[in-house]
Number of protein chains: 2
Amino acid sequence: MIDLAILGLLTEQELHGYELKKRLGELLSSRASVSFGSLYPALARLEAQGAVKAVEERTSVPSAPMSGSLVGELAAFRARVRESGLVKGTGRGKKVYGITEHGRERLVELLSDPDVTDDRAFTLRVAFAPHLPDAARLELFERRRTELLRRRDDLRRRESDPGRAGRTHSYLRALLERDAENLAHDLAWLDRLIEAERSADHNGADRSIPVPAPQAHLQEETP
Amino acid sequence: MIDLAILGLLTEQELHGYELKKRLGELLSSRASVSFGSLYPALARLEAQGAVKAVEERTSVPSAPMSGSLVGELAAFRARVRESGLVKGTGRGKKVYGITEHGRERLVELLSDPDVTDDRAFTLRVAFAPHLPDAARLELFERRRTELLRRRDDLRRRESDPGRAGRTHSYLRALLERDAENLAHDLAWLDRLIEAERSADHNGADRSIPVPAPQAHLQEETP
DNA sequence: ACGCGATGTATCGATTCGATGTAACGACAC
DNA sequence: GTGTCGTTACATCGAATCGATACATCGCGT
């Protein structure tokens with residue numbers, strides 16, 4: 001859900017569309033960002049719902065000395081044209097969005113919804129985890145863990161399926177192997193995260209330091 | 001692209017929509033399959049393009065003894081209603097699709113297109129790699145390798161970005177770490193795949209055995 | 001005899017993507 | 001100063017896809 005991403009980013013800072021997309025690109029690891037074709041409609045949607053609101057609209061920086069009257073005339077003409085709505089492109093004039101109280105509520109709602117098991121959504125939720133209370137955060141991690149375990153069982157069932165054995169060539173086996181390894185790796189990472197979370201909760205919990213140690217893990221097996 | 005998936009599966013065996021979806025679910029690892037909302041339109045599209053064609057349409061199994069004349073009346077009535085186009089659902093009557101010569105050409109085209117760097121697409125391509133000549137297959141793997149290296153450099157640049165240092169909390173660092181590890185892991189897997197491919201090409205190349213050894217790797221570093 | 005879950009085809013509205021258009025701005029060249 | 005190029009920025013379009021839902025039949029268990 002793109003709504004989650006927008007609200008999460010706007011909670012931390014007021015931003016305009018273009019900047020929003022850039023930040024999302026960093027968060028979601030370069031690829032797998034969102035396109036303008038979904039971002040702008042989503043912003044309009046959220047604004048209509050009252051979850052965000054336009055804060056500022058700079059049509060022209062007043063400090064810039066325009067020197068000539070002709071330039072001023074031109075700008076005024078263009079403003080009139082734009083106002084008339086006869087032209088598509090609106091040119092420069094960044095719309096800065098901010099989150100509302102309602103938007104903040106919606107964010108917590110989206111962060112906690114247990115029905116979404118999407119990978120992208122989980123990444124976003126971790127990124128915005130500081131906005132969740134400790135209990136909800138741990139619950140989120142545990143739910144993810146259950147989901148990953150479910151997938152691993154799925155995979156194992158498929159690996160030891162006598163039916164497909166015949167029409168399975170080496171490349172398919174390689175893919176299966178990759179999936180299994182990736183899954184195991186993800187589980188190990190998640191377990192480290194949970195462990196760090198637990199030990200941070202025990203004492204006073206400095207939420208800004210606990211980077212999980214890169215080698216620790218507590219992965220039980222079901223052989 | 002869903003076209004790739006459909007054509008690839010139909011090359012190996014004639015199938016109907018529902019079965020197609022099931023196979024795709026297995027191939028793309030349970031989640032990340034496709035929905036009927038894209039599958040059926042895609043099949044119609046491909047049929048219009050002449051890449052696939054409906055082979056068989058079983059409307060009713062003739063061996064089933066319907067015993068009563070009333071049942072026959074009812075079925076006839078329903079057939080009439082369906083024919084009139086006033087009703088949406090068309091009920092049972094599986095449409096089995098097969099690939100055409102044109103479809104086979106299109107498949108090779110889709111398997112080789114160098115502009116698609118999508119993860120899903122790569123997985124599908126590996127799954128259907130046996131339909132590619134040796135050279136094209138190796139090229140595909142090498143292109144993937146380049147793409148993964150590009151992403152790794154992207155990630156490293158982001159890791160050592162002094163600008164973001166301030167507003168980066170522990171969860172963001174954990175996410176970044178996860179991405180880096182996943183990427184390294186994927187690269188190692190790919191290198192094993194390439195290695196297996198190369199050694200298979202040297203001799204007679206039994207394309208059905210060479211599963212890459214789980215521990216080998218030849219990952220050069222850019223420290 | 002009957003209901004219920006699996007198998008099947010199909011469509012709808014909403015969302016998202018990818019491409020494209022428009023435009024202002026900064027910077028540098030000349 | 002005035003081209004014109006690259007970056008920033010907003011916006012929309014058509015196509016692809018999703019998730020939900022409808023409709024219909026088969027087969028099974030009870």
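Source: prediction; values computed, not measured.
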Euclidean distance, atom CG of residue B:L39 to atom P of D:dT21 [Å, nearest integer]: 20 Å

Salt-bridge criterion met for B:E142 and B:R145 (N-O under 4.0 Å): no

C:dT16 OP1/OP2 closer than 4.0 Å to side-chain N/O of A:R45: yes

B:L4 CG - D:dT17 P separation (whole Å): 11 Å

Residue-phosphate contact under 4.0 Å: B:K22 side-chain N/O, C:dA6 OP1/OP2: no

Rounded distance in Å - CG (B:L15) to P (C:dG8): 11 Å

Between C:dT15 (C1') and A:Q49 (CD): distance, integer Å: 13 Å

Between C1' of C:dT16 and CG of A:D3, the distance in whole Å: 12 Å

Any A:K95 side-chain N or O less than 4.0 Å from OP1/OP2 of D:dA11: yes

Spacing of A:Y97 atom OH relative to D:dC10 atom P, expressed in whole Å: 8 Å

Cationic tip of B:K94 above B:Y18 ring, under 6.0 Å, 45° of axis: no

Closest to the B:H16 side chain, choosing from C:dC17, D:dA9, C:dT9: C:dT9

Residue pairs, two or more places apart or on separate chains, that pass salt bridge (Lys or Arg N to Asp or Glu O under 4.0 Å) and touch residues 98-112 of chain A: A:E101-A:R104, A:R106-A:E109

Atom-pair distance (CZ on B:R120; P on D:dC18), nearest Å: 6 Å

Comparing A:F36 and A:M1 on DNA chain C - which has the more 5′ nearest nucleotide: A:M1

Close side-chain approach of A:R173 and A:E177, heavy atoms under 4.5 Å: no

Touch class at under 4.0 angstrom, heavy-atom based, for B:G37 against every strand present: base

Integer-rounded Å distance: D:dT17 P and A:D118 CG: 17 Å

Side chain of A:Y18 (C-beta onward), nearest among D:dA9, D:dC18, C:dG8: D:dA9

Side-chain ion pair, A:R150 and A:D153, N-O less than 4.0 Å: no

C:dT16 OP1/OP2 closer than 4.0 Å to side-chain N/O of A:S38: no

Lys/Arg-Asp/Glu bridge criterion (N-O < 4.0 Å) met for A:D154, A:R151: no

Presence of A:Y40 side-chain N/O under 4.0 Å of D:dC10 phosphate oxygens OP1/OP2: yes

Nearest-0.5 Å distance, CG of residue B:L24 to CD1 of residue B:I2: 7.0 Å

For DNA chain D, the residues among residues 103-115 of chain A that have a non-hydrogen atom under 4.0 Å from it: none

